[in-house]
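One structure is given here, and the rest of the page talks about it.
Indexing begins at 1, ligand by ligand and atom by atom, following the structure's order.
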Amino acid sequence: MNTIYMDNNATTRVAPEVLEEMLPYFSDYYGNPSSMHTFGGNVERKIKEARADVAALLGAEPEEIIFTSCGTESDSTAIRAALESFPAKRHVITSRVEHPAVKNLSEYLSKNGYRATFVPVDSKGRLDLDYLYDHLSEDTAIISLMWANNETGVVFPVEEVAEVAAERDILFHTDAVQTVGKIPITLKQNNIDMLSLSGHKLHGPKGIGALYIRKGTRFSPFLIGGHQEGGRRGGTENVSSIIGLGRASRFVADHMDDENTRVKQLRDKLESELMRRIPNAFVNGDTKNRLPNTSSIAFEYVEGESILLMMDGLGICASSGSACTSGSLEPSHVLRAMGVPFTAAHGTIRFSLSVYNTEEEIDFVIDKLPPIIERLRSMSPFWKEAQQPA
Ligand code: PLP
């Protein structure tokens, strides 16, 4: 059975050219980049190249990039650095739909001496900007907003908010883990102070991330140790993964057009055909302002987990809009924040494509999913109830 992988917001395939570039740095070139000898120095040079590749993808300078272990570490580092750099300020602003890397940290901070504001979104997942601006204060150290949502793909106006933050002397961080490589970014042209990315979301390896820190931004390291990363993150470098992230940055830059044309068309075809063939189905989020690869579809009156299981039996990989917590299926905090009705949030499936997806794969899903939904609904008491005349 072939695997049809449509779960690229969870993780992506390591591109073969990325793997190829990484492999020699496990076996042949294993020197420590900090060593004085040429053997280590050659590795250091390669890291420098990778840093330049990441910077080029972001429209930034190489010195503005530090390597971390993942997107989560980059997010934590950015927010904690802001709080440590401005100890008199005790307030963090974020949104209600952030990834746990920011959401749970902000909740933790709010129980440990800080104040956190969680900005709401509307039914399409769009940020309530008035609420955000009304809650800015002298006490606000940092605003941290995701650039694009991992569940719905909805894009936030982060550049606009960063401009307001700069006028108010507030640091602005964006979690761009889902955005980098999917839509063009030029950090030289905006006021974003810090940006997080993660290797495994852009066809690089897992366990590597990066944090952009604008030149001149006050910063304080999370991992205090050696002089690596200009003293901004101690610890011997994860050499092969850094090299993989550098190569992956070039890979996604080269495929950005394909992502925004062909992949987007595949996503749109998948969505419109499923909508046409399946009653009581709708797309979650602002379809006008979304990542090109993401589609969050609610199939009312069915359980997302059952859909996933039946698709899994056909080799189709996607995600649901629920999280299995303590034995009960809770709709995701993102769908709840958007006010998606329970009966729809439960039946939500996220498809997230990549440049490796083909039209044949899309056609396969379009063909196989409608009978799956029909079958599950025939067993659903909620569906039967909904079919009763009012
Ligand atoms: N932020 C967003 C928006 C994500 O989607 C993810 C991963 O799913 C992360 C942060 C965490 O990244 P990592 O898995 O590299 O820690």
Side-chain angles (χ1 to χ4, degrees), residues 5-14 18 54 57-58 65-80 92 94-108 118-119 121 125 127 142-156 158 172-183 185 192 194-212 222-223 233 238 241-242 244-245 248-249 252 284-285 289-296 317-323 332-335 337-338 348 350-354:
Y5 190 74
M6 296 190 177
D7 203 11
N8 287 277
N9 288 9
T11 197
T12 56
R13 168 187 180 183
V14 174
V18 169
V54 174
L57 178 65
L58 301 177
I65 306 298
I66 66 168
F67 293 111
T68 64
S69 67
C70 57
T72 302
E73 184 191 323
S74 298
D75 287 342
S76 251
T77 302
I79 295 171
R80 287 175 181 276
V92 174
T94 184
S95 82
R96 291 202 186 153
V97 296
E98 298 296 312
H99 185 272
V102 170
K103 178 179 165 280
N104 291 352
L105 174 67
S106 303
E107 281 167 3
Y108 170 84
F118 296 88
V119 179
V121 295
L127 198 66
I142 185 164
I143 303 171
S144 177
L145 293 176
M146 63 201 327
W147 199 318
N149 189 272
N150 46 301
E151 292 189 30
T152 59
V154 172
V155 173
F156 279 167
V158 289
F172 185 86
H173 163 253
T174 184
D175 175 342
V177 164
Q178 293 293 347
T179 321
V180 174
K182 292 179 189 145
I183 54 178
I185 292 178
I192 292 169
M194 290 184 274
L195 173 147
S196 302
L197 64 88
S198 174
H200 74 105
K201 309 287 185 179
L202 43 92
H203 302 287
K206 295 170 183 58
I208 185 75
L211 177 64
Y212 158 84
F222 187 44
L223 285 191
R233 199 239 186 211
N238 181 354
S241 293
I242 288 173
L245 178 56
S249 298
V252 288
N284 294 307
N289 206 5
R290 252 186 327 167
L291 293 174
N293 77 320
T294 308
S295 177
S296 168
C317 308
S319 280
S320 78
S322 313
S332 82
H333 69 284
V334 176
L335 299 178
M338 290 163 63
T348 288
R350 177 191 68 188
F351 297 96
S352 46
L353 310 184
S354 83

Tell me, do Glu107 and Phe118 make a side-chain contact under 4.5 Å, heavy atoms counted?
-> yes

Between the side chains of Thr12 and Ser354, does any donor sit under 3.5 Å from an acceptor?
-> no

Heavy-atom distance under 4.5 Å between the side chains of Thr152 and Arg290, does that happen here?
-> no

Among Asn150, Asn149, Thr294, whose side chain to side chain donor-acceptor pair (under 3.5 Å) with Asn9 holds?
-> Thr294

Can you list, by chain and residue number, every protein residue with a non-hydrogen atom closer than 4.0 Å to ligand 1?
-> Cys70, Gly71, Thr72, Asp75, His99, Met146, Asn150, Asp175, Val177, Gln178, Ser198, His200, Lys201

Check whether the side chains of Ser144 and Asp75 place a donor and an acceptor atom closer than 3.5 Å, and report yes or no.
-> no

Go through the side-chain N and O atoms of His173 and Ser196 and say whether any donor and acceptor fall under 3.5 Å apart.
-> yes

